[in-house]
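Starting from 1, each residue takes its place in the sequence as its number. Numbering of ligands and ligand atoms starts at 1, following listing order.
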Amino acid sequence: MKSIRDIDVDGKKVLIRVDFNVPYDEHQNITDDTRIRSVLPTIQYLLDQNARLIICSHMARPKGKVVPKLSLLPVAKRLSRIIKHPVPLAPDCIGPDVKKLVSAMKPCDILLLENLRFHPEEEQNDAFFAKELGSLCDIYINDAFAVAHRANASVSAITKYAPVSCAGFLLIKELTYFSRAMSDPHRPLVAIIGGAKVSGKLEALENMINHVDKLIIGGAMANTFLKSTGINVGNSKVELDLLDTARNIIKKAIRKKIKFYLPVDAVVADKFDARAEIKVVPVQEIPDGWMALDIGPSTSLLYSEALYNAKTIIWNGPMGVFEMDAFSRGTNAMVQNVADSYALTIVGGGDTDVAVHQTGESHRMTYISTGGGAFLTLMEGKTLPAVIALDRAESRGASL
Ligand code: AMP
């Protein structure tokens, strides 16, 4: 994929689609600016090359209406402070006022456009809206991996209208790491999949089974798998309609000679509550009325042994309800196991990312993806709409 290094950006108006959808507290203070920092290499490079930077992003879900508390103003201020450069916020993302501001920009000026999702057309991948955005620039750069799985106007349709389109450093980095892990990986390749539901990750499970040597299951989805093998999981979260599907995945894994790991013990609680009564039991002994909310210590040990010879690890989804201390040990132990491994380790998904950061081990992972949904879409073996759009531009010669 073409990157900005392949393009002469000197003095050009460059529209960068980023994901500045950072969390705000109730006073609109940014509580984590990782997403802003992750695109600094692209911003810094363009400034060094004397480009005029028009930056656009969405923020949360204003549902196509102007919601003042979802303005990108705090982001403009934070970005300005980080890069020590003025970052004015435009009153909108399209329209005559924005055009006027853009036409007054000089090389190395930065303009942040207001929340794209204040217009319903953004999420409708609307051609007119995309054309308006595209008309602001000479070059369009997509550096928003975390929304690359959404066919939104500023991600998808825009490449039909921007004179030139290409990928930013973050998007390229994300795709490169993922493909290093999946195409011709060092083996054994191990996927660790956890989280709330089999249904949310079914396609990822089915795709990963075609690639991996070992599949390790945790989180609530393990309950559905355990139940499908005839184990009584009490009141644990289970998707009863997916028992056959779960059974078929296990059968397929056996047929393909993939090593498939399920928890052997669990931390169970008498209710879904941080102050619940808890105990550790073998999965065969989950009492009626109790629920499995984390993998147990024997499972953590088993999983650490399974990861011992791994050369590549892809991890998505927590091992338990890690938001509550009482049920966070399994996920924390997994963070340590993955961090201790000599493998190439790629971690994706919002919760997994949070868990890794909470334990202070993020520096020991090879790569932590900035995208939850986009990462999962790659695990499903699908091509991201953003990548399709950039390829389309490339094939009609609008990428250079
Ligand atoms: P996901 O978005 O699918 O990765 O799911 C993450 C959520 O799964 C987290 O909020 C966890 O609290 C939840 N989760 C993980 N394990 C369990 C479990 N055993 N029972 C209920 N929820 C769980």
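Listed by chain and residue number, Lys99 satisfy the side chain to side chain contact (heavy atoms under 4.5 Å, CB included) test with Ser135 (two or more places apart in sequence, or in another chain).
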For ligand 1, list all ligand N or O to protein N or O distances below 3.5 Å, rounded to 0.1 Å.
residue: ligand 1; atom: 3 (O); partner: Ala196; partner atom: N; Å: 3.1
residue: ligand 1; atom: 3 (O); partner: Lys201; partner atom: NZ; Å: 3.4
residue: ligand 1; atom: 4 (O); partner: Lys201; partner atom: NZ; Å: 2.8
residue: ligand 1; atom: 5 (O); partner: Ala196; partner atom: N; Å: 2.9
residue: ligand 1; atom: 8 (O); partner: Ala196; partner atom: N; Å: 3.3
residue: ligand 1; atom: 10 (O); partner: Glu323; partner atom: OE2; Å: 2.5
residue: ligand 1; atom: 12 (O); partner: Glu323; partner atom: OE1; Å: 2.7
residue: ligand 1; atom: 12 (O); partner: Glu323; partner atom: OE2; Å: 3.3
residue: ligand 1; atom: 16 (N); partner: Ala220; partner atom: N; Å: 3.2
residue: ligand 1; atom: 19 (N); partner: Ala292; partner atom: O; Å: 3.0

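Side-chain contact, Thr299 with Asp265: a donor N or O sits under 3.5 Å from an acceptor N or O. When only modelled atom types and interatomic distance are considered, His58 and Arg150 share no side-chain donor-acceptor pair under 3.5 Å.
Under the 30°/60° scheme for interplanar angles, the aromatic rings of Phe129 and His119 are found to be tilted.
A donor-acceptor pair is defined here as one N or O able to donate and one able to accept, closer than 3.5 Å; such a pair exists between the side chain of Asn21 and the backbone of Ala60.
Test Arg37, Glu174, Arg35 against Thr370 for side chain to side chain donor-acceptor pair (under 3.5 Å) and you get one pass: Glu174.
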